[in-house]
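Report on one structure; see the data block that follows.
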Amino acid sequence: LSTTKKVIGIGIGWRPELAIAIDRDPSLQFIEITAEHYPKGVVPPALDRLVEQGRTIIPHGISVSLGSAEGFDLAAVHRLNALARRFNSPFVSEHVAFVRAGDLEAGHLLPLPRTKAAMQVVIENIQRAQEVLSVPLALENISALFAWPSADFSDAEFLTEILERTNTRLLLDTSNVYANAVNLGENPSEFLDNIPLNRLAYVHVGGGFEKDGVYHDSHAHPVSDAALSIVTALCERIESPGVLLERDDHFPSDAELREELTRIRAAIGCGQARRRGAA
Amino acid sequence: MNDDRKKLARQQRDLVAAIFSTTTSEVPASDLMHTTATLKAKRRREVSLSIPLIAEALGTRFNSVFNLYITASPFPPNGGLAADAARFCNFLLTLPDLEREVVLLALVVCTRRGVPLRFAHSKVGLVGAFRGRTFSVWRNHVARA
């Protein structure tokens, strides 16, 4: 396993609407940027300022499509790598998913069939992407609104096998774990017990909403208590992970943002306290 | 491409096509219903945010017009959201019954995306003119004005 440092503390996804709040809050120790927002590699000066302040920047991809049978977007991998070099990032991250097939673009992360064939394809794609990357790659679990009809593996088995065979890090999205519990009947506790938490690079948590029995991972609402309970459950199992808030829309006021971050810290603290209590 | 890749490629193509149309895939249509609705809503919202003046000018018609557009237009393979918004504007210019304000705003978006805009004399003065099929649409608007 790579000995690359992992991020700790609280982080946030950088958006122009949150730039001032992020700049003013030194407790936000690591910042994730979405590589697709900077197609020509030109980044806002505010990010350089954050680096000068000692914050860690992590480039995050959403369009590489590592699970595409017809090949992933090599240019998007180069873009991730260029950003990682520019910001001296400890790693970059992407999803175990596909976003395009043939000449069709889904415009969204779609789940892979959890079959041996799909696993082999995604592993080969990741290995080719790793040849381009100068830093380690962290892979994120996605939320899904449907499951493919046949599966050779559970969600945890599929993710674990990919992480182990590609020697990649884990970006664990706890809100996606919650979404899959609501939408697909997955068991969050079992999932956490069966993924390689020793590979954890950092954690995502974001808000969503439930409508007609379906959970939508919108990143536009406050984080639910249920999603935070998975952060707590995670922190019962491991020491102080870095947890990053994703907020992409309906941006909160500074006060609301502080409250949201306080709730996340409380969820981490609760898990850590239980962990120490159990030790 | 080996057989496993070929099979997965077919599964993935069928799935993405089924999300945006009435074709079938391995995943039952009833299971894809929420994905389809979510992705359409996501595109609609993101396009409306990227061209707010057009969305505002269309008002309550925006959703229905966008649904017409999305039925015939999968997400563009290149250019992401900006390309989706520009395509939507191109689509608007093919509709016969839009307000002049909407047409003008759509023309501005298309022009900024590199669609050539020229001017021509007409009965009502100097008007914008397009090459190709959108010219007649523009002329219809001018004629109606």
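These numbers were taken from a predicted model, which means no experiment stands behind them. The chains referred to below are lettered A, B, ... by the order of the sequence lines, with proteins before strands, and numbering in each begins at 1.
The side-chain heavy atoms of A:His108 and B:Arg43, taken from C-beta on, include no pair separated by under 4.5 Å.
Neither the backbone nor the side chain of B:Glu46 comes within less than 4.5 Å of any heavy atom of chain A. The contact between B:Thr35 and chain A is made by backbone and side chain atoms together, counting heavy-atom distances below 4.5 Å. With a 4.5 angstrom heavy-atom cutoff, A:Asn183 does not touch chain B via any of its atoms. Within the 4.5 angstrom heavy-atom criterion, no atom of A:Asp248 approaches chain B. Contact annotation for B:Arg45: only side-chain heavy atoms (C-beta onward) come within less than 4.5 Å of a heavy atom of chain A. With a 4.5 Å cut-off on non-hydrogen atoms, A:Val121 touches chain B through its backbone and its side chain both. Using a 4.5 Å cut-off between heavy atoms, A:Ala147 touches chain B through its backbone atoms (N, CA, C, O) alone. In this structure, the portions of B:Leu8 lying under 4.5 Å from any heavy atom of chain A include both its backbone and its side chain. For B:Lys42, the part lying near chain A is the side chain, with the backbone staying farther off; criterion is any non-hydrogen pair under 4.5 Å. Heavy-atom distances place both the backbone and the side chain of A:Glu70 under 4.5 Å from chain B.
The greatest number of non-hydrogen atom pairs below 4.5 Å with chain B, out of A:Gln120, A:His250, A:Lys211, is found for A:His250. Chain A forms more heavy-atom pairs under 4.5 Å with one residue of B:Asp14, B:Leu49, B:Leu15 than with any other, namely B:Leu15. Ranked by heavy-atom pairs shorter than 4.5 Å toward chain A, the options B:Glu26, B:Lys6, B:Met33, B:Arg10 are led by B:Glu26. Top candidate by heavy-atom pairs under 4.5 Å with chain A, chosen from B:Asp3, B:Val16, B:Asp31, is B:Val16. Interface remark: of the candidates A:Gly102, A:Ser218, A:Pro149, A:Pro149 forms the most heavy-atom pairs closer than 4.5 Å to chain B.
At distances below 3.5 Å, at least one donor-acceptor pair connects side-chain atoms of A:Glu94 with backbone N or O atoms of A:Val64. A:Asp217 places no side-chain N or O within 3.5 Å of a backbone atom of A:Asn176 that could act as its donor or acceptor partner.
Salt-bridge annotation for B:Arg5 and A:Glu124: present, with a side-chain N of the basic residue lying under 4.0 Å from a carboxylate O of the acidic one. A salt bridge is absent between A:Arg15 and A:Glu246; no separation between the charged side-chain nitrogens and carboxylate oxygens falls under 4.0 Å.
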*Taking it one step at a time, do A:His216 and A:Glu210 satisfy side chain to side chain donor-acceptor pair (under 3.5 Å)?*
CA-CA 6 Å; A:His216 299 267; A:Glu210 210 166 318; over 6 Å; no
*When you look at A:Ser63 and A:Glu36, which way does the side chain to side chain donor-acceptor pair (under 3.5 Å) test go after all the steps?*
CA-CA 7 Å; A:Ser63 70; A:Glu36 284 74 7; 2.7 Å; yes
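A centroid separation of less than 6.0 Å is found between the aromatic rings of B:Phe62 and B:Phe88. For A:His60 and A:His95, the ring centers sit closer than 6.0 Å to each other.
Note: A:Phe153 and A:Phe158 have tilted aromatic rings, judged against thresholds of 30 and 60 degrees for the angle between ring planes.
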